[in-house]
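Predicted model only: the values in this text are computed from it and were never measured. The figures here come from the full heavy-atom set of this structure, side chains too, leaving out hydrogens, waters and symmetry mates.
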Amino acid sequence: PYHDENGEEYFEISAGDISENGFVTKAPEDVVKISPVFKERYEKLILRPNDLIFPIKGAIGQAGLIPQDLGSVKWIANPSIVIMRLKPNR
């Protein structure tokens with residue numbers, strides 16, 4: 001329902017994008033386009049550098065670290081991924 005051919009492009013991260021050493025080292029191959037109507041709803045799923053991700057389906061127990069350089073396209077977590085995000089120092 002959130003896909004829209006005219007929407008903004010995101011790389012969608014899934015468990016298969018986490019390497020054996022726990023890093024997401026390359027841009028995912030799956031691209032989704034999210035409708036502006038649903039963008040606010042999915043804002044928390046947009047990945048940031050140094051986010052830790054954990055699959056809740058398939059590769060349970062695996063963990064991944066999102067790299068510093070995400071490139072020009074935003075990355076978004078697949079619905080089967082949980083994100084742990086550290087708060088910045090204040």
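- The closest side-chain heavy-atom distance from Ile81 to Phe54 is not below 4.5 Å.
- Taking CH2 from Trp75 and CD1 from Ile46, the interatomic distance works out to 14.0 Å, rounded to the nearest 0.5 Å.
- Shown here are the side chain to side chain contact (heavy atoms under 4.5 Å, CB included) partners of Glu20, two or more places apart in sequence or in another chain: there are none.
- To the nearest 0.5 Å, the span separating CG on Leu47 from CD1 on Ile83 amounts to 4.5 Å.
- Side-chain contact between Ile18 and Pro55 is present, with heavy atoms from C-beta onward closer than 4.5 Å.
- Here the side chains of Val32 and Phe11 are not in contact, with every heavy-atom distance at 4.5 Å or above.
- The CG atom of Asn50 sits 11.5 Å away from atom CZ of Arg48, with the distance rounded to the nearest 0.5 Å.
- Using a 4.5 Å cut-off on side-chain heavy atoms (C-beta onward), Tyr10 and Val31 make no contact.
- Applying the salt bridge (Lys or Arg N to Asp or Glu O under 4.0 Å) test to pairs two or more places apart or on separate chains, those with a residue in residues 56-74 are Glu8-Lys74.
- Under the 4.5 Å side-chain criterion, counting only non-hydrogen atoms from C-beta, Val24 is in contact with Ile53.
- Criterion: ILVMFWY side-chain heavy atoms under 4.5 Å apart, direct or through other members. Under it, Val82 and Ile60 are not part of a common hydrophobic cluster.
- The line from CG of Asp17 to CG of Asn78 is 9.0 Å long, rounded to the nearest 0.5 Å.
- The shortest side-chain heavy-atom distance between Gln62 and Ser19 does not fall under the 4.5 Å cut-off.
- When the salt bridge (charged side-chain N to carboxylate O under 4.0 Å, His left out) test is applied to Arg85, the partners found at least two apart in sequence or on another chain are Asp51.
- Within the 4.5 Å cutoff, the side chain of Ile13 has no heavy atoms near those of the Ile76 side chain.
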